[in-house]
Amino acid sequence: MRIVTNILRGCNRCFKSLLLTLCVFLFSLKLSAQEDPLFTQYLNNLATINPAYVGAQDAMNIKLLTRMQWTGFEGAPMSMTTAFTMPYMNNQMGFGGRIVYDRYGPITQTGFYVDYAYHLFLDYRRGRFLSFGISGGFNLFSANIEGIGESKDDPVFMSDQTNKILPNFGLGIMYRDPKFLIGISVPKLIQSRVTLEEITTTSISKDMMHIYFLGAYKFRMDRDMVMKLATMVQYIKNTSTGVDLHVMVTYRDNFTAGLMYTSRNTYGMSMQFNMTDQLRLGYAYDMTSLKDVTTLPSTHEIMVSYDIPSGRRSRYRRRRHRADYFF
């Protein structure tokens with residue numbers, strides 16, 4: 001028994017050391033330019049932000065998210081993602097893949113990524129995990145800026161369509177138990193820059209390095225209701241640090257309603273319905289709180305999530321189905 005206790009203490013010290021090392025490493029890097037698409041319902045698709053969450057669920061899962069931002073405005077951003085995750089070897093590992101499509105004005109990006117996570121049990125009885133994740137893939141970048149601009153003689157706007165393949169990879173670490181979750185991640189470590197061939201000093205787009213700090217806590221209010229509190233800090237150099245706050249209440253594991261507010265002058269709400277044990281539908285609506293904007297742009301988001309039954313239950317499963325998932 002004493003040996004097991006010493007091992008657990010050593011793992012906890014290892015976790016703290018790794019987390020501190022990762023923080024120092026991230027802030028020592030030079031960061032630079034364009035924001036990655038971030039969904040309002042990102043808490044239900046954490047693998048996109050932190051690959052260490054891949055395989056945390058007890059079943060194979062397919063998820064589709066569509067985000068229509070600033071509806072009614074020409075050239076408004078639109079983002080879509082399709083993700084697949086699955087646990088392996090009794091939840092000790094997780095595998096996943098995702099396709100991300102992002103369009104903003106004349107620029108489109110389509111990303112193809114694979115994810116892997118290793119889940120280390122710190123405490124079997126209490127369900128405490130320390131997870132490490134890595135992701136890799138590439139973006140197909142396309143910019144059709146020909147004819148944009150007031151001056152037709154400007155060589156910047158006379159260039160043909162630019163197409164590039166931008167490889168990248170990311171890292172993440174996460175600690176979680178049935179009530180608490182905390183993690184840090186960098187989804188893209190490589191800073192890619194796309195320039196016009198004729199004018200190499202003119203940058204069309206640059207990939208910013210995003211650092212995400214995520215923390216969440218959930219507790220049972222009564223027999224039928226569970227409250228979840230979450231906050232995420234998004235750090236990008238040369239831009240203001242973003243802070244997201246979420247409050248969600250789940251009723252009988254069948255319906256979830258939530259409110260969110262961000263430091264980017266955005267607030268919104270979300271709803272999720274568990275249609276069956278496998279099928280979940282979600283909707284989110286958010287809008288800006290800027291007072292100097294005459295027409296407030298709104299954003300709509302739709303999610304479809306489906307769990308693929310594996311035919312057997314993991315020995316780590318503590319509850320009957322989705323209640324075992326943190327989000």
Side-chain angles (χ1 to χ4, degrees), residues 11 14-31 35-39 42-63 65 81-100 102 109-122 128-141 165-177 181-192 207-216 232-236 316 325-327:
C11 290
C14 178
F15 164 69
K16 293 178 181 178
S17 299
L18 287 172
L19 187 59
L20 178 61
T21 302
L22 184 57
C23 291
V24 174
F25 167 73
L26 295 178
F27 281 106
S28 66
L29 293 172
K30 293 182 178 179
L31 312 179
E35 292 196 30
D36 290 333
L38 183 62
F39 294 85
Y42 66 85
L43 292 172
N44 300 106
N45 193 26
L46 281 181
T48 303
I49 297 175
N50 193 332
Y53 195 74
V54 173
Q57 297 174 324
D58 196 53
M60 291 185 290
N61 176 266
I62 297 177
K63 192 176 279 86
L65 269 167
T81 181
T82 302
F84 170 79
T85 61
M86 62 173 289
Y88 185 65
M89 292 185 63
N90 291 321
N91 296 70
Q92 291 181 357
M93 292 189 290
F95 295 94
R98 48 195 162 89
I99 302 174
V100 182
D102 190 35
Q109 292 200 68
T110 305
F112 301 87
Y113 289 88
V114 294
D115 306 301
Y116 169 79
Y118 179 78
H119 307 294
L120 175 66
F121 251 103
L122 300 181
R128 294 176 176 175
F129 283 95
L130 177 61
S131 301
F132 306 88
I134 185 171
S135 64
F138 60 91
N139 272 17
L140 298 177
F141 178 92
I165 297 179
L166 308 175
N168 222 312
F169 73 98
L171 297 172
I173 184 173
M174 179 177 291
Y175 168 83
R176 58 186 171 88
D177 59 38
L181 178 151
I182 186 171
I184 178 174
S185 62
V186 182
K188 291 183 178 180
L189 281 166
I190 300 177
Q191 301 176 72
S192 302
D207 260 341
M208 285 182 170
M209 184 183 293
H210 296 61
I211 303 176
Y212 293 102
F213 300 89
L214 175 68
M232 184 183 71
V233 178
Q234 181 185 24
Y235 176 79
I236 313 170
Y316 297 139
Y325 301 170
F326 203 95
F327 293 108

Residues which pass side chain to side chain donor-acceptor pair (under 3.5 Å) with [X], listed by chain and number, not counting sequence neighbours:
X      : answer
Asp115 : Arg98
Ser135 : none
Thr81  : none

Under 6.0 Å between ring centres, would you say that holds for Phe95 and Tyr88?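 Yes: the rings meet the under 6.0 Å criterion.
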Measure from the ring center of Tyr175 to the ring center of Phe129 and say whether it is less than 6.0 Å.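 No: the rings miss the under 6.0 Å criterion.
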Check for a donor-acceptor pair, side chain of [X] on one end and backbone N or O of [Y] on the other, with a separation under 3.5 Å.
X      : Y      : result
Asn139 : Phe141 : no
Asn168 : Ile190 : yes
His119 : Val54  : yes

Over all atoms of both residues, closest heavy-atom pair of Pro51 and Ala117: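 Distance-wise, the nearest heavy atoms are O-CB, 3.4 Å.
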So do Ile165 and Leu140 actually touch side chain to side chain, heavy atoms under 4.5 Å?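 The answer is yes; the side chains approach within 4.5 Å.
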Are any of the side-chain heavy atoms of Tyr53 and Leu181 separated by less than 4.5 Å?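 Sidechains of Leu181 and Tyr53: in contact.
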Return the set of residues passing ring pair (Phe, Tyr, Trp, His ring centres under 6.0 Å) with [X] (not counting sequence neighbours), or none when no residue passes.
X      : value
Phe138 : Phe112
Tyr113 : none
Phe84  : none

